[in-house]
Amino acid sequence: MSYKRRNSSDNQLSINLTPLLDVVLQLITFFMMLIHFGTKLEGASKVVRLPIAPAALPGSDLGMDRLVVSVDRAGMLLVEERPLEREEGRRWWADQAKRRFEGQEVLGGVDEDLPTHVIIRADKDATYGSVRRVLSDAQERGFANFSLVVHRSKPS
Amino acid sequence: MSRATRPSKRPQPPDEVAFPVTPMLDMAFQLLAFFVLTFQVPTTETHIDLYLPASPLALPSESQGRGQAPVARRVDNDLENDIWIRAEANELGDLKTLRLGESTVPDLPALADRLKRYVAIMEDRPLRVRLAADNHLRYEEAARVISICSAAGVAAVRLNDPSAQVGSGTGSIPTPAPNSSN
């Protein structure tokens, strides 16, 4: 009979991988389009729940020299998630400002306002007074550029 | 030569060229795994910029080992461009009343409308806002007011001590409290 003579390789089943490859490449394209590096501002912490301010516009680009601090709901200044008392916080601001003024001296131009961008992530339940105190303490030491981090819409 | 061993003159079908899909698929899966693992839900975070010029205490002094204090400091000569916003809070820290200059504003959208009108009136001159809010006002409420100012085109928002006197009318020059953040 003829089937006895049939080559064994004719019976080999082959999976068609082309549709699978198509789907995978489409998924890769999807993720590549959505990927974003570094758009999330640094210093994010689960301790601090940011306020929602729908009218907030995207701010300008932040400079290279950034300083990120948080204010928790009790109004305490958090530096690298370490709470600082008011006086301790003032000393910390003074120390940060001193380092930067010294850097400016080395570079040969001391300005009255430091170019450092201070990013403040304050809890939505903190009080206006506590945030203003943090701003004031920083401002007294020469920091002038501040960014308040908020959510434009309810975070998912 | 016998007929059986003679090569056929009929053209043979070309050998099938197999494209090796498996390595490509391996690589595609690795790329897919990378993107899936590094995927982050797009954040809704943004930032409201504030420029708060340093107070005189900030000037670097020789005694502290810092630089020589600059003699000339930036002086606000055009304070008449400042508008005061007074935000009062209830005992829970929520926004109770909002005043723009001397007039009461019913809500935040109305504040945005009025500020946009002021910005349009001022044309090229920068409009600045001084926010004097109660200390126990929740920061979320204050952030909303600041963001509305920013979206309305206000050039600068300054945060004042609540004890600072709100002047009569938008053209007045109030004296900021000594510990204000201006």
Side-chain angles (χ1 to χ4, degrees), chain A residues 17-18 20-21 24-25 27-28 31-32 34-36 39-41 50-60 62 97-98 101-102 104-105 110-114 119 122-132 135-136 139-153 155-156, chain B residues 21-22 24-25 28-29 31-32 35-36 38-55 57-60 64-70 73-74 87 89 93 108 112 133-144 146-148 150-152 159 161-162 179-181:
Chain A
L17 293 176
T18 316
L20 181 66
L21 196 62
V24 171
L25 287 177
L27 281 171
I28 289 174
F31 283 111
M32 278 178 74
L34 286 185
I35 200 165
H36 54 282
T39 52
K40 193 169 188 176
L41 296 175
L50 296 172
I52 299 166
L57 300 171
S60 57
L62 301 172
K98 188 181 169 191
F101 278 121
E102 283 171 355
Q104 282 193 342
E105 276 181 37
V110 177
D111 194 10
E112 60 193 54
D113 293 335
L114 286 166
I119 299 168
D123 193 288
K124 62 181 183 177
D125 290 328
T127 59
Y128 168 79
S130 59
V131 177
R132 199 179 52 77
L135 285 166
S136 180
Q139 203 183 354
E140 282 177 4
R141 296 297 166 186
F143 295 99
N145 299 298
F146 298 93
S147 282
L148 304 176
V149 185
V150 294
H151 279 302
R152 292 182 74 185
S153 58
S156 51
Chain B
V21 181
T22 320
M24 192 173 169
L25 199 61
F29 272 123
L31 278 172
L32 187 62
F35 284 117
V36 169
T38 57
F39 179 72
Q40 287 180 340
V41 179
T43 178
T44 59
E45 283 183 21
T46 186
H47 49 101
I48 306 168
D49 292 338
L50 293 177
Y51 174 68
L52 306 173
S55 57
L57 276 173
L59 296 177
Q64 289 173 306
R66 289 188 260 158
Q68 188 70 36
R73 282 197 46 82
R74 194 176 293 128
L108 292 174
D134 286 343
N135 274 334
H136 65 283
L137 178 73
R138 282 174 58 230
Y139 167 66
E140 186 167 34
E141 305 278 7
R144 278 193 196 134
I146 296 168
S147 70
I148 278 174
S150 168
L159 310 183
D161 191 279
N179 59 345
S180 73
S181 58

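Letters A, B, ... mirror the listed sequences (proteins, then strands); counts begin at 1. Note: hydrogens, waters and symmetry copies are ignored here, and every other heavy atom, side chains too, is used.
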Practice task
Identify which part of Leu108(B) has an atom lying under 4.5 Å from any heavy atom of chain A, answering side chain, backbone, both or neither.
Solution key: neither
Exercise for the section: Give, as side chain, backbone, both or neither, the part of Val131(A) having an atom under 4.5 angstrom from any heavy atom of chain B. Expected result: side chain
Practice task
Answer yes or no: is there a side-chain heavy-atom contact under 4.5 Å between Arg138(B) and Asp125(A)?
Solution key: yes
Handout entry: Side-chain heavy-atom pair Leu135(A), Leu159(B) within 4.5 angstrom cut-off
Key = yes
Fill in the blank from the handout: Answer key: most heavy-atom pairs under 4.5 Å with chain B among Thr18(A), Leu17(A), Leu21(A), Leu25(A) is Leu21(A)
Completion exercise
In terms of heavy-atom pairs under 4.5 Å with chain B, the winner among Asp123(A), Thr127(A), Leu20(A), Leu34(A) is Thr127(A)
Exercise for the section: Verify whether the ring centers belonging to Phe31(A) and Phe39(B) lie closer than 6.0 Å. Expected result: yes
Practice task
Tell me yes or no: between the side chains of Ser147(B) and Ser150(B), is some donor less than 3.5 Å from an acceptor?
Solution key: no
